[in-house]
2 protein chains.
Amino acid sequence: MTERRSTWQKAAVKDALTKADVFISAQDLHKHLSGENQKVGLTTVYRALAELADTGEADSLTTADGEMRYRVCHSPQHHHHLSCRNCGKAVEVKFAATEGWAERLASEHGFSDVTHSIEIFGVCAACAEN
Amino acid sequence: MTERRSTWQKAAVKDALTKADVFISAQDLHKHLSGENQKVGLTTVYRALAELADTGEADSLTTADGEMRYRVCHSPQHHHHLSCRNCGKAVEVKFAATEGWAERLASEHGFSDVTHSIEIFGVCAACAEN
DNA sequence: TTAGGTGCAAAACCTTTGCACACAG
DNA sequence: CTGTGTGCAAAGGTTTTGCACCTAA
């Protein structure tokens with residue numbers, strides 16, 4: 001079976017992700033770790049983030065330029081994000097009205113196995129000041 | 001000034017994109033063109049697609065695996081897509097209810113310069129049969 | 001004529017994989 | 001012990017850039 005082991009590397013990645021508390025890329029998170037004597041390999045960061053996203057402990061999104069970013073998930077419920085394009089700060093948003101809508105609309109058009117992605121990007125107040 | 005010239009290459013790209021009428025990647029579109037004696041460089045396809053997206057003649061989206069896909073825009077109005085994850089076929093969807101919502105929500109949280117992306121992916125009826 | 005366009009090769013990036021070694025359980 | 005995890009280097013993909021040549025206007 002696929003047994004799941006806990007290592008200090010995974011803990012370090014999760015910890016760094018939690019402290020960052022913004023949508024951040026694997027590359028950037030790796031730099032953060034490197035800057036703190038946390039010598040974790042980039043490959044491991046990628047694998048750890050994938051695992052966190054897989055278990056629902058982290059949310060992930062793909063930016064317009066094709067980069068994946070992760071952030072610790074604050075609630076187990078389905079939600080979307082309003083995130084800062086500059087610093088990655090994000091607010092979790094629930095939007096009940098659309099949840100059923102997407103599936104309904106899709107089936108009306110004969111589509112199955114539906115998933116939807118709603119992302120809102122902007123510049124947060126703090127970043128706007130600069 | 002930035003004058004904009006029309007070339008047969010750009011026309012070929014736009015034509016191929018129009019005929020495809022699905023969300024397609026630059027790479028794939030380039031293959032289509034190559035298969036039809038339309039020897040257009042890959043670089044040019046990228047540049048032509050970027051220009052079409054820029055002028056609003058094409059819609060673009062980034063797939064989960066970080067690949068950009070384009071499709072001819074069928075209506076100048078703001079809209080979203082319900083697209084097939086397999087063949088790229090897409091239906092344009094207008095969802096008036098969300099249009100104001102995103103901006104309103106964003107400003108409530110102090111975000112400015114807001115943009116939103118709503119993409120719905122599924123498997124169309126035709127692809128589901130296989 | 002002349003500034004924008006083209007296309008090849010090379011570079012830049014992000015992400016994944018192969019593999020030998022380390023280590024959690 | 002044993003199989004998962006790690007990390008380096010290399011590979012894989014997409015997209016961009018440098019540059020010399022081409023061409024629309």
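Lettering follows sequence order; numbering is per chain, from 1. Everything numeric in this text was worked out from a predicted model, so none of it was measured.
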Q: For C:dG5 and B:Thr7 - does any side-chain N or O of the residue sit under 4.0 Å from the phosphate oxygens OP1/OP2?
A: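 The answer is no; no side-chain N or O of B:Thr7 sits under 4.0 Å from OP1 or OP2.
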Q: State whether A:Gln9 places a side-chain N or O below 4.0 Å from either non-bridging phosphate oxygen (OP1 or OP2) of D:dG7.
A: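 Indeed, a polar side-chain atom of A:Gln9 lies that close.
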Q: Taking for each residue the nucleotide of DNA chain C with the nearest heavy atom, is it B:Arg5 or B:Val45 whose nucleotide lies nearer the 5' end?
A: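 The 5'-side residue here is B:Arg5.
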Q: Just the table, please: protein N/O against nucleotides 10-16 of chain D N/O, every pair under 3.5 Å.
A:
from	atom 1	to	atom 2	distance (Å)
D:dT15	OP1	B:Met68	N	2.7
D:dT15	OP2	B:Tyr46	OH	2.7

Q: Take the C1' atoms of the five end pairs on each side of the helix from C:dT1-D:dA25 to C:dG25-D:dC1, derive the two axes, and give their angle rounded to 10 degrees.
A: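 So the angle between the two local helix axes works out to 40°.
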Q: How many whole angstroms separate atom CG of B:Leu49 from atom P of C:dT6?
A: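 Spelled out: CG on B:Leu49 to P on C:dT6 is 12 Å.
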Q: Checking B:Arg71 side chain against B:Ala90 main chain: does a donor-acceptor pair fall under 3.5 Å?
A: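 Yes: the side chain of B:Arg71 pairs with the backbone of B:Ala90.
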Q: Expressed as a whole number of angstroms, how long is the span from A:Asp54:CG to C:dT16:P?
A: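 In whole Å, C:dT16 P and A:Asp54 CG are 13 Å from each other.
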Q: Check whether B:Thr63 reaches the backbone of B:Glu67 with its side chain - one donor and one acceptor, N or O, closer than 3.5 Å.
A: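 Yes, the answer is positive, given that a donor and an acceptor are paired below the 3.5 Å cut-off.
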Q: Going from NE2 on B:His30 to OG on B:Ser25, what distance comes out if it is rounded to the nearest 0.5 angstrom?
A: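 Rounded to the nearest 0.5 Å, the NE2-OG separation comes out at 11.5 Å.
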Q: Are a donor atom and an acceptor atom from the side chains of B:Gln27 and B:Tyr46 found within less than 3.5 Å of each other?
A: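 Yes, B:Tyr46 and B:Gln27 have a side-chain donor paired with an acceptor closer than 3.5 Å.
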Q: With a 3.5 Å cut-off and no angle check, do the side chains of A:Glu92 and A:His74 form a donor-acceptor pair?
A: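 Side chains of A:Glu92 and A:His74: no pair found under 3.5 Å.
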Q: Got a donor-acceptor pair under 3.5 Å from the side chain of A:Arg47 to the base of D:dG7?
A: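 Indeed, a donor on one side and an acceptor on the other fall under 3.5 Å apart.
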Q: Answer yes if the side chains of B:His116 and B:His80 hold a donor-acceptor pair under 3.5 Å, and no otherwise.
A: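 The answer is yes; a qualifying pair exists.
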Q: For a quick test of reading the model: is some side-chain N or O of B:Ser6 closer than 4.0 Å to OP1 or OP2 of D:dA25?
A: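 Answer yes for this pair, as a side-chain N or O of B:Ser6 is under 4.0 Å from OP1 or OP2.
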Q: May I have the step-by-step check of ring-ring contact (aromatic ring centres under 6.0 Å, His included) for B:His81 and B:Phe23, ending in yes or no?
A: CA-CA 10 Å; B:His81 300 95; B:Phe23 271 98; 4.9 Å; yes
